[in-house]
Amino acid sequence: MSRPGHNGGPTMEGGEGWRRHCWRQARENLLPHLPVEVVRLRVRRAAELGLDYRTYASVRAASGHDVVAFLFSSNALRLLPPVPALPEDRQARLASLSGCGRIALVQGQLAPEAAMQAGQGVIDRAHPAPYPLAPFPALREAIAAAHQGFPRDGVVLIGDMSLERDWSVAGRLAGYLPAERYFSSLSAAR
């Protein structure tokens, strides 16, 4: 523990190199050594989900579970009133997903039924999104209602606004990905 007035810089005591070596070795020993076949299966699963392997592996490591569903905010899907229409790139991306749920969280004036019609079969279900700036208990309830049937630690939220990141935290979901990153990674992979 540092004493008052310590600036948090490197130690001036001898043996720093040895301690750094021990730290690296201990850290390396903690990381799992996965068989090649397991890595291949996970790479294939990441592709099914439309994720790059690094993102998939980090979500899986953080939650300890596979990704089983995505929650998409209506902002991320570009579903806007008065006449919502799912853009072709978003529709193609959702259609390419396999082995996972696709749930829309609709905001504002948009009705869940309108999102389902706009989704043309690539959205499994739609739910009202939490109100902006709602307290955490209300956020948690709205997110739990949306991902009902899927374990929360297997659900990833794809959002387009910083407030939507809070939904992931309140719902204790497996993770949050910005829409820009999620929808652009497919075009980069092709």
Side-chain angles (χ1 to χ4, degrees), residues 31-32 34-79 86 89-107 112-113 115-130 136-161 163-190:
L31 297 176
L34 297 174
V36 173
E37 287 305 314
V38 171
V39 173
R40 285 185 185 142
L41 286 172
R42 290 185 180 183
V43 167
R44 193 173 314 131
R45 179 65 177 148
E48 289 174 356
L49 297 170
L51 297 171
D52 61 276
Y53 178 72
R54 175 175 252 164
T55 301
Y56 173 73
S58 66
V59 168
R60 188 175 172 103
S63 69
H65 299 281
D66 190 23
V67 175
V68 295
F70 289 104
L71 288 176
F72 296 94
S73 75
S74 53
N75 291 326
L77 293 174
R78 304 289 186 258
L79 290 175
L86 192 61
D89 66 329
R90 303 300 203 240
Q91 178 146 356
R93 182 63 182 266
L94 269 62
S96 72
L97 301 179
S98 65
C100 66
R102 299 164 296 198
I103 306 163
L105 288 170
V106 296
Q107 302 174 29
E113 298 78 26
M116 290 296 293
Q117 285 180 337
Q120 303 172 1
V122 296
I123 297 174
D124 298 327
R125 61 184 195 231
H127 289 272
F136 258 52
L139 294 176
R140 186 173 28 255
E141 286 177 27
I143 297 300
H147 73 71
Q148 186 175 18
F150 294 105
R152 64 177 169 76
D153 51 4
V155 178
V156 174
L157 176 68
I158 311 296
D160 203 34
M161 299 177 67
L163 289 175
E164 294 168 354
R165 182 180 297 272
D166 292 344
W167 300 352
S168 176
V169 174
R172 297 186 198 140
L173 303 178
Y176 170 86
L177 289 174
E180 177 76 23
R181 180 175 168 193
Y182 182 75
F183 288 108
S184 68
S185 68
L186 181 66
S187 58
R190 287 184 178 173

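Atom set for the values below is all heavy atoms of this structure, side chains included, hydrogens, waters and symmetry mates excluded. Note that the numbering runs from 1 along the sequence shown for the chain.
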Cation-pi geometry met for R42 and Y56 (6.0 Å, 45°):
no
Output yes when R172 and D153 qualify as a salt bridge under the 4.0 Å nitrogen-oxygen rule, no when they do not.
no
Would the distance check show the side chain of E141 and the main-chain N or O of A138 forming a donor-acceptor pair, the cut-off being under 3.5 Å?
no
Side chains of L177 and L157 in contact at under 4.5 Å (non-hydrogen atoms):
no
Look only at the side chain of R125 and the backbone of M116, and say whether a donor-acceptor pair between them is shorter than 3.5 Å.
no
Looking at L71 and A146, what are the two nearest heavy atoms and their distance?
CD2-CB, 4.0 Å
When you measure from the centre of the six-membered ring of Y182, is the NZ or CZ of R93 closer than 6.0 Å and no more than 45° off the axis?
yes
CG of L51 to CZ of R60, rounded to nearest 0.5 Å, is 12.5 Å
Would you compute the distance between atom CZ of R45 and atom OH of Y53 and round it to the nearest 0.5 angstrom?
13.5 Å
Taking S168 for its side chain and G175 for its backbone only, find out whether a donor-acceptor pair lies under 3.5 Å.
yes
Polar side-chain atom of S74 near backbone of Q107 as donor-acceptor pair, under 3.5 Å
yes
For the atom pair CD1 (I158) and CD (E180), what is the distance rounded to the nearest 0.5 Å?
12.5 Å
Could you measure the distance from the CZ atom of R90 to the CD1 atom of I123? Nearest 0.5 Å is fine.
12.0 Å
Output for pair (L97 CG, F70 CZ), nearest 0.5 Å, gives 6.0 Å
Correct closest heavy-atom pair for D160 and A179 would be OD1-CB, 3.7 Å
Quick check: does any side chain N or O of R140 sit under 3.5 Å from a backbone N or O of V169, one acting as donor and the other as acceptor?
no
With distance as the sole test, does R102 use its side chain to make a donor-acceptor pair with the main-chain N or O of D124 at under 3.5 Å?
no
Is any side-chain heavy atom of L173 closer than 4.5 Å to a side-chain heavy atom of W167?
no
Could you measure the distance from the CG atom of L79 to the CG atom of L105? Nearest 0.5 Å is fine.
11.5 Å
